[in-house]
Number of protein chains: 2
Amino acid sequence: MTQPLTRIQQKNTTAILEAALEVFSQHGFRGATLDQIAKAAGLSKPNLLYYFSSKEAIHETLLNGLMDTWLDPLRTLNPQGNPVDEIKGYVQRKLEMSRDYPRQSRLFANEILQGAPRIHDGLGGPLKTLVDEKATVIQGWIDAGKIAPLDPHHLIFSIWAMTQHYADFDVQVRQVLGVSGDAHFAQAAEFLDAFYTKSLTP
Amino acid sequence: MTQPLTRIQQKNTTAILEAALEVFSQHGFRGATLDQIAKAAGLSKPNLLYYFSSKEAIHETLLNGLMDTWLDPLRTLNPQGNPVDEIKGYVQRKLEMSRDYPRQSRLFANEILQGAPRIHDGLGGPLKTLVDEKATVIQGWIDAGKIAPLDPHHLIFSIWAMTQHYADFDVQVRQVLGVSGDAHFAQAAEFLDAFYTKSLTP
DNA sequence: CCTGTTCCTGACCGATTGGTCAAATTCTTA
DNA sequence: TAAGAATTTGACCAATCGGTCAGGAACAGG
């Protein structure tokens, strides 16, 4: 039985999670400190621990809230739609997430990189289930001759890899391109559209 | 004037770097501890610091030695070769590196994820130079009608993203596919070959 | 064998870490 | 407005961090 949150609880909880997202995504779990998070949230360290029982509790809350949002674009892949457009739409939505929520992407990347010690189960369970389901849909499209024959699982991996690359390896992308703003995301969108059009069309 | 290393120096230095690669790639720079590295190397902590002046010195040595090896596959991209085969060859070599040297890939990924604080300059300098050079080659192929018109820089990013994904997100890939060995790398090789064949052929 | 150099270690240090706690402050509500 | 609950804080703690240092052990060449 969860109690409704007071305004002050609401405000501080979100401030903590926002600050923690900033710090965790930048330094990883072990690299982040409670002092950093407290300072970024404008609270004292003991006050952090009044709202969350431990550093790990903050991190866990963040990851749990993330999983669903992160998989939503895949969930909306429509079996009844036009196959090529559906997949390209998924690519674009995923790329937009890299542009608009890079911290979430990096938080996730950090966790996976370290071997996913805190969400290992979530990967084999809900994630695998969803991917398998959508892979079946894609395989159906292949069997019907609607798209080119490509291993559906690895096709999904390719989408994750290419879109998240622009968030996770942002520094590298910027250095190599020599840009500072957001303009290269439009280039990326164009590239990915052309790329997947060519590879998916039967 | 660097002195030649004695056998014992040789042995311990490589043992330290091997252990540090293991630990750094798994926990990131801040997450790794000298005690962990010392234990993994079979040495005492003060003995580590007899060979390397600091934790950062170990990390730096590791990254410096990595950069060249990591870019070699791109360097061997031959302007005179068959365009599609050259690029697909690069993809395969990069994928093999993900399979055979996943720790190096994760070490690099960790560094970039945290904003590349220790190799920031190397990205804008040598890396950018090499990429720009190869991008020009690819653009030449496009202008000659040898491959499909795709932004060369983003094409290179796509190769990095997709191949390194199999090393950096290894846990996720394994969980989703439900595999434990190395077999899925053969699938990945096949997928990438088909994928790039379709998208590069004019 | 002796001697100087290289290699190695236990004990230790100050700084930082995640976390605790009693007391003070602020808010709510009767 | 008074009492009780919720919120906030400074002071503090044990553990761990990267790193130091004096001295001992092993090794080399003569």
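In this structure, B:K55 places its NZ atom 15 Å from P of D:dT16, rounding to the nearest Å. B:L49 has its CG atom 6 Å from the P atom of D:dG19, to the nearest Å. Computed from coordinates, the A:I37 CD1 to C:dG19 P distance equals 10 Å when rounded to whole Å.
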Practice task
Determine, stepwise, if the pair A:E60 / A:R118 fulfils salt bridge (Lys or Arg N to Asp or Glu O under 4.0 Å).
Solution key: CA-CA 7 Å; A:E60 193 189 320; A:R118 289 162 236 281; over 6 Å; no

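Residue contacts shown for A:A32 are limited to sugar-phosphate atoms, with no base heavy atom under 4.0 Å away. Within 4.0 Å of A:A38, counting heavy atoms only, lies no atom of the nucleic acid at all. At a threshold of 4.0 angstrom between heavy atoms, the contacts of B:L34 are confined to the sugar-phosphate backbone, with no base atom among them.
Side-chain atoms of A:H153 and A:D132, non-hydrogen and from C-beta on, do get closer than 4.5 Å to each other. A:Y51 has its side chain out of reach of A:I58: every pair of non-hydrogen atoms, C-beta onward, lies at least 4.5 Å apart. A heavy-atom distance below 4.5 Å is found between the side chains of B:H165 and A:F157.
Residues meeting the side chain to side chain donor-acceptor pair (under 3.5 Å) test with A:D72, sequence neighbours left out: A:R75. Residues passing the side chain to side chain donor-acceptor pair (under 3.5 Å) test with A:S158, sequence neighbours excluded: A:Y196.
Remark: the backbone N or O of B:W141 is not paired with any side-chain donor or acceptor of B:K146 at under 3.5 angstrom. Of the possible donor and acceptor atoms, one in the side chain of A:K134 sits under 3.5 Å from a partner among the backbone N and O of A:L77.
Ring pair A:F24/A:H59 is perpendicular by interplanar angle, where above 60° counts as perpendicular and below 30° as parallel.
Rotation axes derived from the C1' atoms of the five outermost pairs at either end of the helix from C:dC1-D:dG30 to C:dA30-D:dT1 lie 10° apart, to the nearest 10°.
Near-neighbour residues of DNA chain C inside residues 15-29 of chain B, defined by a heavy atom below 4.0 Å, are absent.
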Practice task
Would you mind building the protein contact string for nucleotides 6-16 of chain C? One character per nucleotide, 5' to 3', B for base within reach (heavy atoms under 4.0 Å), S for sugar-phosphate only, - for untouched.
Solution key: SBSBB------

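Pairs engaging residues 172-192 of chain A under the side chain to side chain donor-acceptor pair (under 3.5 Å) rule: A:D170-A:R174, A:Q175-B:H120, A:Q187-B:H154 [sequence neighbours left out].
The CG atom of B:L63 sits 10.0 Å away from atom CZ of B:F29, with the distance rounded to the nearest 0.5 Å.
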